[in-house]
Peer 1: 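Sharing a structure with you now.
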Amino acid sequence: MYIGILALQGDFAKHQEMLAMLGQDTMLVRTRQELELCAGLIIPGGESTTLSLLLNKHTLRDAIIRFAGEKPVFGTCAGSILLSRSVVKDPVESLGLIDAVIERNAYGRQIDSFIDDIDVRLNGNVQKVEGFFIRAPKIISIGKGVVPLAWHQGNIVMAEQNNILIATFHPELTKNPAVHNYFLKKIKP
Amino acid sequence: MKDANDIKLKIGLAEMLKGGVIMDVTTPEQAKIAQDAGAVAVMALERIPADIRAHGGVARMSDPTVIKAIQKVVSIPVMAKCRIGHFAEAQVLQALGIDFIDESEVLTPADEEFHVDKWKFKVPFVCGCRDLGEALRRIAEGAAMIRTKGEAGSGNIVEAVRHMRKVQSGIKKITVLGDEELVTEAKNLGAPVELVREVKKLGKLPVPNFSAGGVATPADASLMMQLGAETVFVGSGIFKSSDPALRAKAIVDATTHYMDFDLIARVSEGLGEAMPGLEIAAIPEAERMANRGW
């Protein structure tokens, strides 16, 4: 069983390293054919403007929307922007798979990027995760069906709606597999 | 490494740019073309390297007016160049909110002995190199990304290939050395032994390794990716060609799908004229940009 990692651009190799550490087979996804072989998909961090453009160019947009109808999808940072229903400030065409409104580059430019510990609630247990916020977005609001899972200074930074999971930070840049483990539990072999 | 959190954050941004193309632009219009073509970042310049070469004289940091105009029209990261060793230009670029500073040999060096102490900055730096020793010296100074120097503005890929191969063969050599050989290897490379040990442990550089200098075609981009580059900078190659938007898109495709040769063949069709190139031997030694820095 493969977990796909969208590899059009971004830190896909970091997600791959994390899943390898967990003993999970991965497939770098650049085409629809590769996507079809996967049991779940991760959309990595990167540049959401670029990723959105490349999704259209490689006719992956509809394929991912269909894929998400039955299988889990996890997006970090740029991935969380692409999965959201609506994007404000420098809008990009998103996939609209989770009922959330998200603001791009909400903390500012790279000099405003930061690392801070955040409390993540996974399966009822709260644990500390090192949060990398790199030109990060902010989740402005969520719909009724969306469950918040982590906060930073009052802002929701991680949330899920059924099989869709988003984080505005980068658990793949840490050595802590808690968030990836949580995502893997959503996947049915 | 010192300032562990800071450097992790800086390298983090470099990770986000992987698998993409970073394009040199001189106007907001060019920046839009680059972003719409799929660039992951733009390098805001007053003149592209081919024109700097043709123009001669002292090349300096860009006018902030140019940088701010470009920052206004794109949502992708904006990079800019400072002269080697010119930490005040770097301080100004940081104040302007630049996302990545390139301490670049394309500009006229301001200091012939010392590069910028990049640890002092919150903004990440990329630096050029010709071999592993030079790469590790720049990382020791706090660079969060390394790129080959190539020969900027030449439209000739030969120097970028030489530099990438030298870095890669230097890394391969270290991975097979015994621990007792590492201090001598560090001395030969002119690099700190801690970084040499780290390269042995990782089997690669501790920061992302990009390619720059001389990329003019989709196949050039694929070549550099196959040689181990993680992202490609394109300077003069796009806006010195006859159809910049089309060529920019083709180079983005060839970088994403660098092993899909049917696709690269397809996107290479009908691109019009590539930039006119220069034979490296025809560039006088004193005018070669790659020789700046140490």
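Everything numeric here is computed off the predicted structure, so don't read it as measured data.
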Peer 1: At under 4.5 Å between heavy atoms, what parts of residues 30-41 of chain A are in contact with chain B? List them by residue number.
Peer 2: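 Residues Arg30(A) are the ones that qualify, each having a heavy atom under 4.5 Å from chain B.
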Peer 1: Compare all side-chain heavy atoms of Thr26(B) with those of Glu46(B) and state whether any distance is below 4.5 angstrom.
Peer 2: no
Peer 1: Evaluate the ring planes of Phe74(A) and Phe183(A), with Trp represented by its six-membered ring, and classify them as parallel (under 30°), tilted (30 to 60°) or perpendicular (over 60°).
Peer 2: tilted
Peer 1: Any carboxylate oxygen within less than 4.0 angstrom of a Lys/Arg side-chain nitrogen, looking at Lys18(B) and Asp11(A)?
Peer 2: no
Peer 1: Given side chains that start at C-beta, do those of Thr27(B) and Gln30(B) come closer than 4.5 Å, heavy atoms only?
Peer 2: yes
Peer 1: Can you tell if the side chain of Arg138(B) reaches within under 4.5 Å of the side chain of Cys129(B), non-hydrogen atoms only?
Peer 2: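 Result no, sub-4.5 Å side-chain heavy-atom pair not found.
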Peer 1: Quick one: are Phe87(B) and Asp117(B) in side-chain contact, heavy atoms under 4.5 Å?
Peer 2: no
Peer 1: Taking the side chain as every heavy atom from C-beta outward, state whether Leu165(A) and Tyr182(A) have any pair of such atoms under 4.5 Å apart.
Peer 2: yes
Peer 1: Which residues in residues 15-23 of chain A have any heavy atom closer than 4.5 Å to a heavy atom of chain B?
Peer 2: none
Peer 1: Under 4.5 Å between any side-chain heavy atoms of Cys82(B) and Val92(B), yes or no?
Peer 2: no
Peer 1: Is there a donor-acceptor pair closer than 3.5 Å between any side-chain N or O of Thr231(B) and the backbone N or O of Phe210(B)?
Peer 2: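 No: the side chain of Thr231(B) does not pair with the backbone of Phe210(B).
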Peer 1: Do Met61(B) and His86(B) have side-chain heavy atoms sitting under 4.5 Å apart?
Peer 2: no
Peer 1: Is it the backbone or the side chain of Pro77(B) that comes under 4.5 Å from a heavy atom of chain A, or both, or neither?
Peer 2: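 Both backbone and side chain of Pro77(B) come within 4.5 Å of chain A.
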Peer 1: Is there any residue in residues 86-109 of chain A with a non-hydrogen atom under 4.5 Å from a non-hydrogen atom of chain B, and which ones are they?
Peer 2: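 Against chain B, the residues of residues 86-109 of chain A that fall inside the cut-off (heavy atoms, under 4.5 Å) are Asp90(A), Arg104(A), Asn105(A), Arg109(A).
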Peer 1: Considering only residues two or more places apart or on different chains, which pairs with a residue in residues 171-182 of chain A satisfy salt bridge (charged side-chain N to carboxylate O under 4.0 Å, His left out)?
Peer 2: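 Residue pairs with at least one partner in residues 171-182 of chain A: there are none.
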Peer 1: Would you say Pro171(A) and His180(A) make side-chain contact, with heavy atoms under 4.5 Å?
Peer 2: yes
Peer 1: Measure centre to centre between the rings of His152(A) and Phe133(A), then say whether the value is under 6.0 Å.
Peer 2: yes
